[in-house]
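Throughout, protein chains are lettered first and strands after them, A, B, ... in sequence-line order, and every chain is numbered starting at 1.
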There are 2 protein chains.
Amino acid sequence: MGYRENPRPGGRSARVQAAVHQSVRDMLATMDRADVTIPLIAQRANVTPSTIYRRWGDLQQLLADVAASHLQPEGEPASIGSAREDLEAWVEQYADEMASGVGRQMLRDVLAAADSANAEKCGTYTRYQLAVFIARAEKCGEPFPTLTDLMDHVISPIIYRILFDQAPGSDYVRRLVAKVMPESAAGA
Amino acid sequence: MGYRENPRPGGRSARVQAAVHQSVRDMLATMDRADVTIPLIAQRANVTPSTIYRRWGDLQQLLADVAASHLQPEGEPASIGSAREDLEAWVEQYADEMASGVGRQMLRDVLAAADSANAEKCGTYTRYQLAVFIARAEKCGEPFPTLTDLMDHVISPIIYRILFDQAPGSDYVRRLVAKVMPESAAGA
DNA sequence: TTCACTAACGCAAATTATTTGCTTTTATAC
DNA sequence: GTATAAAAGCAAATAATTTGCGTTAGTGAA
């Protein structure tokens, strides 16, 4: 009677999920968000509205689900130079992505949903990515901030500004990273 | 044709706004949020639904409006001891309030709305409060963090955790404050 | 005061979204 | 194959939203 969290791949359920997600992404990309409704999503996905209602509950949950799956990182972050340089590049891209119209809206969607599971997922994704840099630095004996410091003093200010204030610029982001690096008094 | 942002006090429009806000607060306090609908709010406020639709647009906007007006600070923060002690007490209360079920929900409401005006209002409220502590410290010649540092390294981590993770405890909050205070290496 | 003006409200019909009971389909395990 | 159960489809019933139009109540000028 209940719906599975992760449908078996290849099954009908998975196909419906994919079609609905795709439909939502298409619509968000091409039309005003206020005009995105469940009946329309259903029509474009060749599915009945009741299927969507039963599976996701309401539009907010569906949007949160789509947003969270879009915010999920594809793979390991790129490794070009030192751990610090890699981190800097990654954070800058992260900030840009989240501050963009689409990213901002995805953050909203994820936070707006009644169920906070999707929001927590996003936090987990971010920590997971950052942990990669920490592991790399450790392997090279490079001094590096802790995960907590990165989350509290780099990620949090960026997200706060995006949500409650103005989008942060790249100078600002670099300063945040510089400040949190150990053994180097905010050089630059 | 358009609705005023701030209706003239005493007028009919102001009475309707007050009744609707009150109705929303009552309902949020006594029933499940999923059951709070515009027709119900309207009935309790002795107003027609169409009035609410025309004025606020949809439920999210209305909830955001109510939440923002509830998050608006009443007056100046309390002054008991040194600026640092006052700040510590204020931040701790701030964190508790925001992390509570009600506070968390208000944050969500404010962020979920299509219009970001209410979210920005909240950020402004917070900065305004913090500026009071800074002014006090300056007057006493007490060393004190800048507004930017407080927003980035105290407020942001607290809000981020509430939204994407677990509610922060009071130990954690005190550590954030200690860390941001100048001329004192995270004493505690 | 009175009067003209208009923003905001009320009412009700029309539209659209949501819920729900029941049936049918389709993976999966036996 | 066949049985089973999760998930989808369909359609009727309910509930929310939009909208056109008439009414009310503050406002400002005579």
Closest to the 5' end of DNA chain D, once B:Gly11 and B:Pro49 are matched to their nearest nucleotides, is B:Pro49
Does A:Arg54 contact D:dG9 through a side-chain donor or acceptor facing the base, at a distance under 3.5 Å?
yes
Cluster question for you: counting only ILVMFWY and a side-chain heavy-atom cut-off of under 4.5 Å, with indirect links fine, are A:Ile159 and B:Leu107 together?
yes
Write down the distance between OH (B:Tyr53) and C1' (C:dT16), rounded to a whole number of angstrom.
11 Å
B:Gln17 CD to C:dC9 C1': how many Å, rounded?
15 Å
Assigning hydrophobic clusters by single linkage (Ile, Leu, Val, Met, Phe, Trp, Tyr; side-chain heavy-atom cutoff under 4.5 Å), is B:Val66 placed with A:Phe164?
no
Separation of atom CH2 in B:Trp56 from atom C1' in C:dC9, rounded to whole Å:
12 Å
Value in whole Å for how far the P atom of D:dT17 lies from CD of B:Gln61:
13 Å
Classify the nucleic acid contact of A:Ser50 as base, sugar-phosphate or nothing, counting any heavy atom under 4.0 Å across all strands shown.
base
Between D:dT17, C:dC11, D:dC10, which nucleotide gets closest to the side-chain atoms of A:Thr48?
D:dC10
Measure the CZ-CE distance between A:Arg161 and B:Met151 for me, rounded to the nearest 0.5 Å.
8.0 Å
Is the base of C:dG10 touched by the side chain of B:Arg55 through a donor-acceptor pair closer than 3.5 angstrom?
no
From CG (B:Asp109) to CZ (B:Arg104), nearest 0.5 Å:
13.0 Å
Would you mind telling me which of D:dC10, D:dA16, D:dT24 lies closest to the side-chain atoms of B:Arg12?
D:dT24
Would you mind reading off the distance between B:Asp35 atom CG and D:dA15 atom P, rounded to a whole angstrom?
13 Å
Calculate the interatomic distance between B:Ile52 atom CD1 and C:dA8 atom C1'; express it in whole Å.
14 Å
May I have the distance from A:Gln43 (atom CD) to D:dG9 (atom C1'), rounded to whole angstrom?
15 Å
With a distance cut-off below 6.0 Å to the six-membered ring centre and an angular limit of 45° from the axis, does A:Arg84 pair with A:Phe133 as a cation-pi contact?
no
For D:dG26, take OP1 and OP2 only and decide whether either is under 4.0 Å from a side-chain N or O of B:Arg15.
yes
Would you mind reading off the distance between A:Leu59 atom CG and D:dA16 atom C1', rounded to a whole angstrom?
14 Å
